Amino acid sequence: MNLEELKKIREKAQKDVELRQKQARIRVVVGMGTSGIASGAREVLKTFVEEIGRRNLTDVVVTQTGEKGLASREPMVEVFEEGKPVVVYGSMDPERSKRVVVEHIVNGNPVSEYAIEVM
Amino acid sequence: MMDEIASHIMDIVANSLTAGAHNISVLIEKDNEGPLFILDIKDDGVGMDSETAKKVQDPFFSTKTGRKVGLGIPLLKGTAETTGGTFSLTSEPGRGTRIRVAFNAGHPDLPPLGNLKDTILVLAVGNPEVNFLFTYKDSSREFVLDTAEVKELLGGVPINHPEVISFLSKYLDEHL
Ligand SMILES: Nc1ncnc2c1ncn2[C@@H]1O[C@H](COP(=O)(O)OP(=O)(O)OP(=O)(O)O)[C@@H](O)[C@H]1O
Ligand code: FES
Ligand SMILES: [Mg+2]
């Protein structure tokens, strides 16, 4: 495996990129302060990132923020979708993250069980 | 609280990101035989003046002045010092910050390196606008990942494109 293989991806993916040019349909932001990291935020971010890779969700972007959340509800994840309320999920872990990917991101139904705020 | 060196790295780099860094380098250097275990993280973020740089190393000081207490730096410094190692923070306003830690690799309280792969993967694709230079060296091998090079090879395709994520995940499994 060699980094040069990225050039193949570059040719294949150019089309999606034009589509995505406007803006991602959904933005997922994972809180990465010290207490977030200590309670497993990296595994949560990793789960979102890998699910998006695996399911080839070209219109979803996952990023991190250093902002502090509610220490007692960490790891926290915010999901931004155009024209919809922002959903804040708390006490996330890899299993919960997979469920949010399937139910919320793919099927459009926020997982109210894990939501701590809808703004 | 931090049970992996890789989590400390995630945390210290999170500070660099908050400081608006565009270029961040992370070096891990282990000597398999000797007691040397170096962690060196550099950024070109906003930096700190010398008084702030001193304060942030001491959580108690911050408490007394009534500021919100930061944990990331004191925790790493604590880990370094419990293992009989050293911690240094140098920073210059407007130029950037460098944190260099030497752990004593033989110390029983030294946490394991942990999942470096996940740390690198999520940093690289979770912050597409930042260039990261990751270097891991030990007596038998050296691994380097420069995300600026990855982006150049990708042309206009973003580093957080699903196919790139899957590629990088496999690439790290294979090479790191
Ligand atoms: N790389 C950096 N560049 C500029 N300022 C920094 C950097 N790292 C730390 N700081 C300053 O030091 C403070 C303390 O950092 P520390 O990681 O200990 O706590 P924190 O990030 O504020 O909170 P947390 O507990 O979530 O880590 C930060 O709030 C920031 O002002
Ligand atoms: S991330 Fe630091 S208080 Fe929650
Ligand atoms: Mg911090």
Side-chain angles (χ1 to χ4, degrees), chain A residues 1-21 24 27-68 71 74-75 77 94 101, chain B residues 1-4 6-19 68-76 114-115 117-119 121-129 145-146 149-175:
Chain A
M1 210 168 185
N2 182 298
L3 281 184
E4 290 292 316
E5 288 171 41
L6 287 167
K7 287 186 179 162
K8 274 184 251 157
I9 297 181
R10 171 176 172 173
E11 277 145 38
K12 261 206 300 184
Q14 208 74 53
K15 270 201 301 301
D16 317 330
V17 172
E18 279 149 29
L19 285 175
R20 202 156 80 146
Q21 217 60 289
R27 211 157 47 85
V28 178
V29 181
V30 181
M32 281 284 169
T34 299
S35 64
I37 293 168
S39 51
R42 183 191 62 196
E43 287 67 28
V44 168
L45 179 53
K46 150 85 187 296
T47 305
F48 277 102
V49 157
E50 289 215 321
E51 286 294 306
I52 278 156
R54 203 168 65 78
R55 295 167 181 276
N56 201 28
L57 303 174
T58 51
D59 55 355
V60 181
V61 164
V62 186
T63 55
Q64 69 178 83
T65 168
E67 274 166 43
K68 279 149 254 294
E74 259 162 317
V77 174
V101 170
Chain B
M1 197 171 172
M2 290 288 168
D3 47 8
E4 294 183 0
S7 302
H8 279 298
I9 295 173
M10 188 78 219
D11 193 28
I12 295 303
V13 172
N15 287 342
S16 301
L17 293 165
T18 308
K68 147 88 187 66
V69 189
L71 290 176
I73 292 175
L75 279 174
L76 176 59
N115 198 334
K117 179 216 157 175
D118 283 4
T119 294
L121 181 69
V122 303
L123 285 172
V125 309
N127 305 280
E129 67 297 337
L145 181 70
D146 179 355
E149 183 192 353
V150 170
K151 288 175 206 172
E152 200 178 316
L153 286 163
L154 281 169
V157 177
I159 194 166
N160 57 3
H161 185 282
E163 298 224 23
V164 183
I165 294 173
S166 300
F167 171 86
L168 287 176
S169 175
K170 280 192 224 112
Y171 182 81
L172 289 166
D173 277 335
E174 204 170 290
H175 294 270

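All of these numbers come straight from a predicted model, not from anything done at the bench. Each chain gets a letter, A, B and so on, in the order its sequence line appears, and its residues count up from 1.
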Point to revise | Which of V28(A), L6(A), T63(A) touches chain B most, by non-hydrogen pairs under 4.5 Å | key: L6(A)

Review point. Considering only heavy atoms from C-beta outward, does the side chain of K46(A) approach that of T119(B) to under 4.5 Å?
Key: no

Practice item. Quick one: do E163(B) and N56(A) satisfy side chain to side chain donor-acceptor pair (under 3.5 Å)? Show the steps, please. Key: CA-CA 7 Å; E163(B) 298 224 23; N56(A) 201 28; 4.9 Å; no

Check your understanding: Step by step, would you call N160(B) with V62(A) a side-chain contact (heavy atoms from CB on, under 4.5 Å)?
Key -> CA-CA 8 Å; N160(B) 57 3; V62(A) 186; over 6 Å; no

Exercise for review: Show your working on side-chain contact (heavy atoms from CB on, under 4.5 Å) between L3(A) and V150(B) and close with a plain yes or no.
Suggested key: CA-CA 7 Å; L3(A) 281 184; V150(B) 170; 4.2 Å; yes

Review point. Does atom CD of E5(A) have more than 12 heavy-atom neighbours, drawn from other residues, nucleotides or ligands, at distances under 6.0 Å?
Key: yes

Point to revise | Side chain / backbone / both / neither for K151(B) at chain A, heavy atoms under 4.5 Å | key: neither

Exercise for review: Among I165(B), N15(B), D11(B), single out the residue with the greatest number of heavy-atom pairs under 4.5 Å to chain A.
Suggested key: D11(B)

Practice item. Measure the CZ-NE2 distance between R10(A) and H161(B) for me, rounded to the nearest 0.5 Å. Key: 13.5 Å

Review point. Of the backbone (N, CA, C, O) and the side chain (C-beta and beyond), which part of L153(B) lies under 4.5 Å from a heavy atom of chain A, both, or neither?
Key: both

Practice item. Pick one of side chain, backbone, both or neither for M2(B), based on which atoms fall under 4.5 Å of a heavy atom in chain A. Key: side chain

**Study point:** Heavy-atom proximity to chain B below 4.5 Å, by part of R55(A)
**Key:** neither

Study note, to complete from the structure: Under 4.5 Å to a heavy atom of chain A? For L154(B) that would be both

Point to revise | Residues E4(B), R42(A): salt bridge by 4.0 Å N-O rule | key: yes

Point to revise | Gap separating the CG atom of N127(B) from the CD atom of Q64(A), nearest 0.5 angstrom | key: 4.0 Å

Check your understanding: Tell me, side chain or backbone of V49(A) under 4.5 Å from chain B's heavy atoms, or both, or neither?
Key -> both

**Study point:** Heavy-atom closest contact (F167(B) atom, N2(A) atom, distance)
**Key:** CZ-O, 3.4 Å

Point to revise | Largest heavy-atom contact set with chain A, pairs under 4.5 Å, which of A14(B), P128(B), G126(B) | key: G126(B)

Check your understanding: Does S166(B) reach the side chain of R54(A), with side-chain heavy atoms less than 4.5 Å apart?
Key -> no

Review point. Is chain A contacted by the side chain of E129(B), its backbone, both, or neither, given a heavy-atom distance below 4.5 Å?
Key: neither

Review point. Between I12(B), L123(B), L121(B), N115(B), which has the largest tally of heavy atom pairs under 4.5 Å with chain A?
Key: N115(B)

Practice item. Output yes when a side-chain donor or acceptor of H175(B) lies under 3.5 Å from a complementary backbone atom of M1(A), and no otherwise. Key: yes

